[in-house]
Structures are given as structure tokens and as C-alpha cells.
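One structure is given below, encoded as C-alpha cells.
Because the structure is a prediction, the values reported are computed rather than measured. In what follows, chains carry the letters A, B, and so on, assigned in the order in which the sequence lines appear, proteins first and then strands, with residues in each chain numbered from 1.
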2 protein chains.
Amino acid sequence: MKKNKKILEGRASSINVAKLAKVSQATVSRVLNHPDKVGEETRNRVLKAIEELKYVPNQNARDLVSGSSKVITLISGPLENPFFVDSTASIVHFATEKGYKVNIYIVDDSDIEETYRQALSNRPDGLIMSCIFYDDPIIEHLERLDIPFVTFNRRHRQKLNYVEFDNYSAAKQACHFLYEKQYDSIFWVGGMLDVSTFKYRFKGFKDTYEEIYQSTLNPLDFMNKKVIDYNMLRENIWYWYQKNPGKKAILAATDSIAINLLSLTKEMGLSCPDEVGIIGIDNVELSKHPYINLTTVGGAQNLGLIAIQELIYTIEHQSNTNIAYTISTQIFDRGTIK
Amino acid sequence: MKKNKKILEGRASSINVAKLAKVSQATVSRVLNHPDKVGEETRNRVLKAIEELKYVPNQNARDLVSGSSKVITLISGPLENPFFVDSTASIVHFATEKGYKVNIYIVDDSDIEETYRQALSNRPDGLIMSCIFYDDPIIEHLERLDIPFVTFNRRHRQKLNYVEFDNYSAAKQACHFLYEKQYDSIFWVGGMLDVSTFKYRFKGFKDTYEEIYQSTLNPLDFMNKKVIDYNMLRENIWYWYQKNPGKKAILAATDSIAINLLSLTKEMGLSCPDEVGIIGIDNVELSKHPYINLTTVGGAQNLGLIAIQELIYTIEHQSNTNIAYTISTQIFDRGTIK
DNA sequence: TTGTATGCGTTATCAG
DNA sequence: CTGATAACGCATACAA
């Protein structure tokens, strides 16, 4: 008895509504989609039945008919990285605003195959991701599947649908900035070079360094690791710090790394910026907090936001033009470089 | 020509596969779901066709048949609040691990009606949320809809399916801690009392304060606002700071507020903890950063994680028992109280 | 082992 | 203005 009632109340379908309102199921559908094409009286009867049964249309069935799911799949990097906090927030806000649901996956550069498989089986209307490698086979797959996608922060070698900072010149700006501030020695901390972001930021740094400092970059003065081993990093930094006289700064490939470096150096007993300067790239929100107050280089716009805007535009206009944004950057001169 | 090929490649259905493999559609379905019930030779033929057409089953259609969607809807508070960063990360990780997709909505205590409507129309297998009011009509609705749900951080008056801190005693602990540290004057910054978290934390503070300090709480010594107006807050804090002699501290209802207060007081020229102590509640990850180093009271476990674990258990075991966790807390004595 | 037929909850087309 | 009816893509009971 009670169960029966529940079924009718909670999981009511348009057929149940139709019966109650003594109309055909088609009419119920019309009331929802083309109310003006239904007689006033009939409409009210249906509306009342809908209310009474707490009827909620099954979006799955709708999607099946329409062929579109109104789902956008977001494959984000880990939220321990404040960059992805910022981008996730922007993406979810904008997409929701536009009537899309956001399916979120959080990945770690590892175990990503399975994520793609699962994500794609949901037939999202679009895919937005950041975790792509410079030579990633997935791109080919996506093109074949003919599903709109965009990458932000990182891009593929093929320059297909991406929104990125001008990574090369961002690092260049950082390096110039340190030079102008008369730093004598720079230590670089980055990530694996199979990722466009790290690849070009490192290149930008290396080229610029060798140009302005007139010497080739010492292999002991940088670290590019997939997963940063903070014990090893501590040792390397310590060695570099002891060896080099003068004014010293660490250039981190991302704000996330820089913020971790703030911890590390403090723990090592090095005060920032007095004994060692630290500068990042990205200009994440967290860097603006006065207790972090990280000097960094970044853009005025949120890459994730640009990417989702473009993706949705592509979806809704069935546009075929390549999404290609390279956002220029500037220095945000705050407290960790003096 | 090209288009035709694309259609077959990208959006192939089981019927297309069936044709190519010269079997019935049902057999294709069987190959996917019960491979052992299909002849070896037939199976291989189907598998080859699947491969060739890059066939991906349409999850929507599957859901429609099965009635279950493997989707969990997460309605989270804003990611500007680090508490929700932590919980979102835990929830997404765990749910994905268990084979669920996570549909994420980010809300702001306002405009939440529409979110519920949209979220529910997707027929998620479960709902996990934090944004509920103490007297929220949605609870009744959810119960009628018979959809598994759990709230974390906040709970409903009815004590239905929640995971929360012991908010009353958390605030009590904070207040006692300040008393032991010989603070003479305490300013409270919280949120609207129509939310269980703020309601009980404030109550815990007020009761404890009046008990140990032997005086009723001065109306000028606290602020409970829905949206914190930092200009007004600055004035109120300034007034309180000037008026009261002795050792002074601000007790924030959440770490998020406390971390903002770190900014505010710094901007006001008050050094923390020397001129004013600050203590929060929640013990978010960010509070552990040595540059923030916030003294706070919180639990060892992540509320979101407990909640998602319980929710999935409920879904998979069709359990009917009420989820009710009240997690006890402790002081994390760091740098913002001396 | 395999095929046929049916239904899941919608929307849309076509008659009436 | 309204009611049948055919898809949408898949899973499954039932036949063969």
C-alpha cells in the first residue's frame, strides 16, 4: 500500500500523469514543451496532475530522443593544485548557467586511460580537460569520435582546440624580472617535459637565462620531475643555495609548486624573500592572499573560463573552427621577490 | 562521403555493429554484457565490428533500461571556501573509484531551488549535499522521491542522513582554549543561524562564553551575517578592538572565515597573533600551510568522505537505516593564537 | 547459441 | 487542439 503510493509519487512517468489527467501521454509532453499548443483547460488539468504526482521528467529519456545529453565532462587535475580549483569553479559556474550538467573527473596524469573510457561512454556533448600530454594518442581518438573538446592549460603538439598561456614568454618574463631585480642565481623547479606547459615554460626559462646570464644552465640548477620528491628537492636546493653567492631566487613552473616551495624553504630555515626569492607562474587566486602574497606571472583571464565558453559555443553552433588561444601574461609583483 | 563515414565511426549504435557483424542487435548486447553466453566465433566477429566502428555503448540508453544511472549528484558550496575544496576532492575520488559519475553543482545558498530541480531531473542514484538549511522543505521532497541522499557539514532539523562535526562542542573547545590562553576578550564572526552549522557553533560559543567569562555576550562582540560585509566587519572589529583592553582574539565559525580574517586584520594593520589572535573551526587542508598556519578546531576525518562512503553503501545495499554521524573534534594548536 | 519482440520514458510526426 | 504511433539505443524474456 505504502509502497504503491511511493512509486506513484516519486517515480511517476508521463503516462501516470496522463492517466490522472485523463489525457494521452503525448499531451503531457506537449504541456511541458509547447504549452501554447494545448487548450487552457486541458493544460491546467495536466499541470495539476503533475503537481499532485510530483512528476519530474526523466532527463535520460529526453536525451535519448534528442540525441544530446546536455552533459559536459570535465577532466581536471587534482584540487590540491589551486590552479584547478580556480578553473573548476569557473567551468562549473559557466556551464551550469548555460544549462549543462558537469560530470567531473579528477586525475593525476596516471591511470587516465580508464577515465577517458568511462567519460566517453556517457556521450557528453563536450569534453574539457587539462591533463593532456604533448603527444597524446587520445586526440586522434577524440577527432574520430567527432565529439567537441577543448584542452586548457596544456595543449597537444597538433595545436588542436586549446587555451593556454604564452608559456614560453611567461617564463621569459619571470627570468627577465629576476635579472632586473639583480638576482645572481636562479634555481628552476618544474615538471615533466612531455607536457606542453612545462616544456615551453622550461624552454622559455632556459633560453632566456642563457641569453641574459651569458652562461649555459647548470644541470644542478634545475629539476623537472613528474612527481616532486621533496626530500630530493630539499637537498638539491640546499646544495645550490650553499654553492652560489649573491642574491638567489627559485623560479617555479607553476604557482602550485611555488606555494609548496614556500613551505619547503620555510621548513629549511630560509626566509623568503630575504634569503631566497620565490616566483611562480599562473597567478592563482590563492597567490593573492596577503599571507601567501606570491610574486608570479600570469594572465588577467581564467583559462578554464575561456575554454568552457568556447566549448559551449562550439557545441551550440556546431562550429568547426579550431579553438586556439594563447593568452599573454604579465608580472604580478608581490611579496616573495624583493 | 566523409560525413557518412564519420557517422558510422563515431556515433555507431549496436544496430550498426550488428549489421556489420551479421548478427542481431541482441547478440551485440550479449557480447557486451554476457560474453560467455555467446559462441566464440560470433563473439569475435562482433568484437571486430565494435573495434572497427569505434562503437561505444550509449550510457543513456542503458540507464533508461536499467533504471539506474550510476550518477551521484554533488551539490557543493563554493570552492572559494577551502572546506569545499577538500570535500569535493574526497567525494569525487571515492565515487569515481566506485564506478560512479559525479555531477557537480556549486551553489551559494541562493538560487538553490533551480539547482534542485535540475539535479533531480537527471535521476541520480544518489544525492550528496552540504547546502541545506536547518528547516529546508527539500528534505520532505527528497523523502517522497525516495532517492538516497546525505548531507554533510550541515544537517536538517529532522536529523536525517547527515554527517557533521559536533559543532556545539567544537565551538566550546575553541572558547575554552582561548580562556586557557588567557584571552580577555573574544569577537565572534559567523554566518546565518538558519544553518545548523552556524546555529550550533554560535550556541556553543555563546553558552560557553557566558559560563566561563561570567557575563552575557555583548551584542557588539559578534556578527552573524549571511554574506559577510567586510567593510562593516572591519568597523565592528575595530570598535571592539579599541574598546577592549587586554588580550584579544577573534573566533571564526569556519576556517574559511578565519583565513579571510587573516587578510582583513593584516590590512587593518593588526598583527596576528601578537595584537589579535585568530582561531577557526574545520581544520581545512589550507590551514596547515606554514604561511597560513591557522589555529583551529576540527576532526581527523573528512566529512565529505564519510558522507560519500555512507551514501554509496546505502545505494548499493538499498539500506534504509538513517545515516547519522557526529564527529568529535579537537584543537589544532598552530600559529595564530599565542 | 542465436534471433525476435518488447519495453524503458520521452519527443515529434501525422492524422483526425 | 488532441490522440495514436514511430523512433531513440539498449537489455532481456521468450522462442527457436
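The shortest distance between the side-chain N/O atoms of B:Thr27 and the OP1/OP2 oxygens of C:dG3 is below 4.0 Å. Between C:dT10 and A:Ser14, a contact under 4.0 Å exists linking OP1 or OP2 to a side-chain N or O. Between B:Arg62 and the phosphate of D:dA11, there is a side-chain N or O to OP1/OP2 separation shorter than 4.0 Å.
For the pair B:Tyr55 OH and D:dA11 C1', the interatomic distance rounds to 10 Å; values are reported in whole Å. If you measure from atom CG of A:Leu32 to atom P of C:dT11, you get 6 Å, rounded to the nearest angstrom. In this structure, CG of B:Asn60 is placed 12 Å from C1' of C:dG9, rounded to the nearest angstrom. For the pair A:Ile15 CD1 and C:dT11 P, the interatomic distance rounds to 12 Å; values are reported in whole Å. With rounding to whole Å, B:Asp63 atom CG is found 21 Å from C:dG7 atom P. B:Leu64 places its CG atom 9 Å from the C1' atom of D:dC10, with the value rounded to the nearest Å. We find that CZ of B:Arg123 is positioned 6 Å from P of C:dT10, with the value rounded to whole Å.
A distance-only check finds no donor-acceptor pair linking the side chain of A:Asn322 to the backbone of A:Leu160 [under 3.5 Å]. Panel note: side chain B:His93, backbone B:Ala89; a donor-acceptor pair is recorded below 3.5 Å. A donor-acceptor pair under 3.5 Å links the side-chain atoms of A:His156 to the main chain of A:Asp136, judged by distance alone.
Side-chain contact between B:Ile75 and B:Leu127 is present, with at least one heavy-atom pair separated by less than 4.5 Å. Looking at heavy atoms from C-beta onward, A:Phe152 lies out of side-chain contact with A:Leu305 at the 4.5 angstrom threshold.
Using a 4.0 Å heavy-atom cutoff across all strands shown, B:Val28 reaches no nucleic acid atom at all.
For the residue pair B:Thr27 / B:Ser24, a side-chain donor-acceptor distance below 3.5 Å is found, with atom types taken as modelled. Residues B:Glu164 and B:Tyr325 bring no donor and acceptor atom of their side chains to less than 3.5 Å of each other.
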Dot-bracket, 5' to 3', for DNA chain D please: Watson-Crick or G-U pairs under 3.5 Å, [ ] where pairs cross earlier ones, | where the partner sits on another strand, dots elsewhere. ||||||||||||||||

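Going from atom OH of A:Tyr116 over to atom CD1 of A:Ile132 covers 5.5 Å, rounded to the nearest 0.5 Å.
Applying the salt bridge (Lys or Arg N to Asp or Glu O under 4.0 Å) criterion to A:Glu140, with sequence neighbours excluded, gives A:Arg144.
Take the nearest nucleotide of DNA chain C for B:Ala61 and for B:Asp36: the residue whose nucleotide is more 5' is B:Asp36.
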Taking only nitrogen or oxygen atoms into account, show me every contact under 3.5 Å that the protein makes with nucleotides 12-16 of chain C, one pair per line with its distance.
unit_1	atom_1	unit_2	atom_2	d
C:dA12	OP2	A:His34	NE2	3.4

